[in-house]
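First the structure, then my questions, so here it is.
Only heavy atoms go into these numbers, but all of them, side chains included; no hydrogens, no water, no symmetry mates. Keep in mind that what you see is a predicted model, and the values were worked out from it rather than measured. Chain letters run A, B, ... following the sequence lines, proteins first, then strands; residues in each count from 1.
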2 protein chains.
Amino acid sequence: MLQDAIQPRESWAPPVLPSAGTDHLPSTAFTLRHHQHLARSGERPDHLHQILQGWAGRYRLLSDGRRQITGLYLPGDLCDPCWLDGGRAVQSVVALTPIQASRTSRREMESQAANDVALMKFLWRQTQFTQQIQAEWLVNLGRKNAIERLSHLLCELYTRLSSAGAADQKSCDMPLTQLDLADLAGLTPVHVNRTLQEMRSMQLIELQSRRLTIMDWESLRRIAWFDPAYLAVRSARDSFQAAA
Amino acid sequence: MLQDAIQPRESWAPPVLPSAGTDHLPSTAFTLRHHQHLARSGERPDHLHQILQGWAGRYRLLSDGRRQITGLYLPGDLCDPCWLDGGRAVQSVVALTPIQASRTSRREMESQAANDVALMKFLWRQTQFTQQIQAEWLVNLGRKNAIERLSHLLCELYTRLSSAGAADQKSCDMPLTQLDLADLAGLTPVHVNRTLQEMRSMQLIELQSRRLTIMDWESLRRIAWFDPAYLAVRSARDSFQAAA
DNA sequence: CGAGCTGTTGACGATTTTCAAATTTAGTGG
DNA sequence: CCACTAAATTTGAAAATCGTCAACAGCTCG
């Protein structure tokens with residue numbers, strides 16, 4: 001097969017750029033295979049992408065091979081507002097699964113945003129959202145041990161997918177390999193493996209066949225010190241706008 | 001003394017909000033003492049602050065006492081654009097030294113930004129700058145050991161202060177305690193102490209009396225894997241604007 | 001079926017934390 | 001200025017956490 005198959009588990013409609021539907025901001029659908037790049041460090045990307053299906057990751061590689069994934073782009077996420085205004089991509093973004101996305105010219109997006117308050121607010125919110133997640137990850141990496149980090153990561157992923165309508169009651173997709181998890185959590189793959197086994201033996205989660213099931217949300221949340229407030233930026237800001 | 005003395009080592013003029021000078025965006029100077037807060041988690045701050053002198057830190061506290069500092073506000077920095085649009089402060093911001101700052105009403109700033117492209121770009125840039133730094137810190141915390149983390153932190157601080165004109169050839173202020181450094185680097189104060197001693201014995205740095213001197217920049221940079229590209233966002237964006 | 005990625009296991013080593021205490025430095029009030 | 005107190009730095013020993021290395025099993029995909 002020339003192209004990896006993309007098989008969503010459920011019929012699911014991703015959110016759409018606020019202006020893309022109404023004002024017809026031109027965008028083109030395209031697909032990427034696992035390990036292909038949406039941007040490389042040092043480039044000046046001339047397109048922004050909205051992920052429709054699949055997961056992408058922003059990362060930095062040290063020249064001795066150490067890799068840290070510094071951000072995840074899930075379906076509905078915009079990749080990446082920080083390339084606006086002609087900025088260079090400081091870090092690379094790669095497809096962690098096969099990906100389907102829509103691509104919009106950076107210049108079109110910029111000129112549209114200058115006149116379109118809704119789009120501007122969407123970009124601003126998306127940026128703030130990314131920043132809040134990063135700040136929370138700093139706490140994770142700086143102050144938590146392996147089981148706390150992985151628990152938090154799973155809590156966050158489930159919550160983000162859930163609020164995008166891409167999770168069911170207790171389970172969601174989890175296409176990341178243990179190597180990906182290690183590069184997210186700042187651990188070695190070996191230690192991720194052992195910690196996941198511990199979490200399974202504690203009846204916290206099931207994780208197999210690229211599918212996560214959360215058996216005991218309350219315990220997982222407590223172990224992770226997970227407080228979803230930092231993820232509320234997107235929705236909370238909307239309700240404020242509505243109230244004002 | 002009712003108020004901590006603020007004694008800058010050198011005469012130094014902080015950068016000014018692009019519109020504050022020309023369009024007379026109203027702002028009031030004020031001071032804060034060590035350990036006083038600029039914002040507390042959960043609040044809806046109604047002012048933005050530009051730091052004029054002193055350092056502030058954004059942090060999160062876990063209820064068992066672990067603290068992670070997730071951002072530093074140095075002289076010239078804006079604290080914090082993410083409170084615009086009525087957003088709540090997810091994390092707290094506290095003065096790490098006595099502080100002198102200017103305060104501008106959030107609503108004034110918002111309405112001004114809607115009409116003032118230069119201010120808007122300034123806010124956007126400041127936000128991107130913060131995000132790039134955070135992404136780099138994720139690499140630090142996730143993939144580097146103690147000496148690499150501390151070296152990187154010192155490289156970044158020196159570079160930021162230097163580009164603000166607040167450093168001389170080989171040295172700059174370093175008002176952080178070893179406890180602060182620990183909460184920045186995700187280490188214990190004890191281990192910070194031992195690692196700093198190692199760095200001193202390697203003739204990399206001198207650090208005493210709240211003053212840092214970098215003895216061997218090239219070695220420090222190499223150990224830290226420090227590549228200042230991620231700090232170039234502010235200036236690079238300007239030169240691009242100028243070129244376009 | 002064969003190659004390569006992914007997950008798993010064990011033994012061992014390195015880094016970092018914890019705990020407790022001593023020492024130095026800085027700040028405060030007399 | 002000195003005395004006193006609190007904060008900050010330093011030290012040592014033992015333990016916990018996590019990483020490294022090496023090997024093997026299972027699975028997927030061409």
statement: To the nearest 0.5 Å, atom CD1 of Ile205(B) lies from atom OG of Ser219(B) at 12.5 Å
- prompt: Any donor-acceptor pair under 3.5 Å between the side chain of Arg194(B) and the base of dG12(D)?
  reply: yes
- request: Specify the separation, in whole Å, of atom CG of Leu141(A) and atom C1' of dT16(C).
  value: 16 Å
Earlier contact from the 5' end, DNA chain D, for His35(B) and Arg149(A): His35(B)
- prompt: Side-chain N or O of Arg210(B) less than 4.0 angstrom from OP1 or OP2 on dT9(D)?
  reply: yes
query: Lys144(A) has an atom NZ; how far is it from atom P of dT17(D), in whole Å?
result: 17 Å
- prompt: Starting at CD of Gln197(A) and ending at C1' of dG10(C), how long is that distance when rounded to a whole Å?
  reply: 12 Å
- prompt: What is the distance from CD of Glu198(B) to P of dT9(D), rounded to the nearest Å?
  reply: 18 Å
task: Kindly say if Gln178(A) contacts the phosphate of dC5(C), meaning a side-chain N or O under 4.0 Å from OP1 or OP2.
output: no
task: Check the side chains of His152(A) and Arg149(A) for a donor-acceptor pair under 3.5 angstrom, ignoring hydrogens and angles.
output: no
Residue among His49(B), Gln50(B), Gln126(B) satisfying side-chain contact (heavy atoms from CB on, under 4.5 Å) with Asp77(B): Gln126(B)
- request: Please report, rounded to the nearest Å, how far the P atom of dG10(C) is from the NE2 atom of His191(A).
  value: 16 Å
task: Check the distance between dT9(D)'s P and Leu150(B)'s CG and give it to me in whole angstrom.
output: 13 Å
- prompt: For Arg200(A), which contact category applies under a 4.0 Å heavy-atom criterion: base, sugar-phosphate, or nothing?
  reply: sugar-phosphate
field: Members of residues 181-189 of chain A that approach DNA chain D, where some heavy atom sits under 4.0 Å away
entry: Gly186(A), Leu187(A), Thr188(A)
- prompt: Would you call Arg143(A)-Asp183(B) a salt bridge at under 4.0 Å N-O?
  reply: yes
- request: To the nearest Å, give me how far apart CG (Asn193(B)) and C1' (dT9(D)) are.
  value: 6 Å
statement: Per atom distances to the Thr177(A) side chain, the nearest of dT16(C), dT6(C), dT9(C) is dT6(C)
From CA spacing to verdict: side chain to side chain contact (heavy atoms under 4.5 Å, CB included), Arg60(A), Ser92(A): CA-CA 7 Å; Arg60(A) 177 159 171 214; Ser92(A) 303; over 6 Å; no
query: Ion pair present between Arg221(A) and Glu218(A), side-chain N to carboxylate O less than 4.0 angstrom?
result: yes
query: Which is true for Asn145(B) with a 4.0 Å heavy-atom rule: it touches a base, it touches only sugar-phosphate, or it touches nothing?
result: sugar-phosphate
message: I'd like to know if Glu148(B) and Arg66(A) make a salt bridge, using a cut-off of under 4.0 Å between side-chain N and carboxylate O.
response: yes
- prompt: How close or far is atom P of dA8(D) from atom CG of Leu196(B), stated in whole angstroms?
  reply: 15 Å
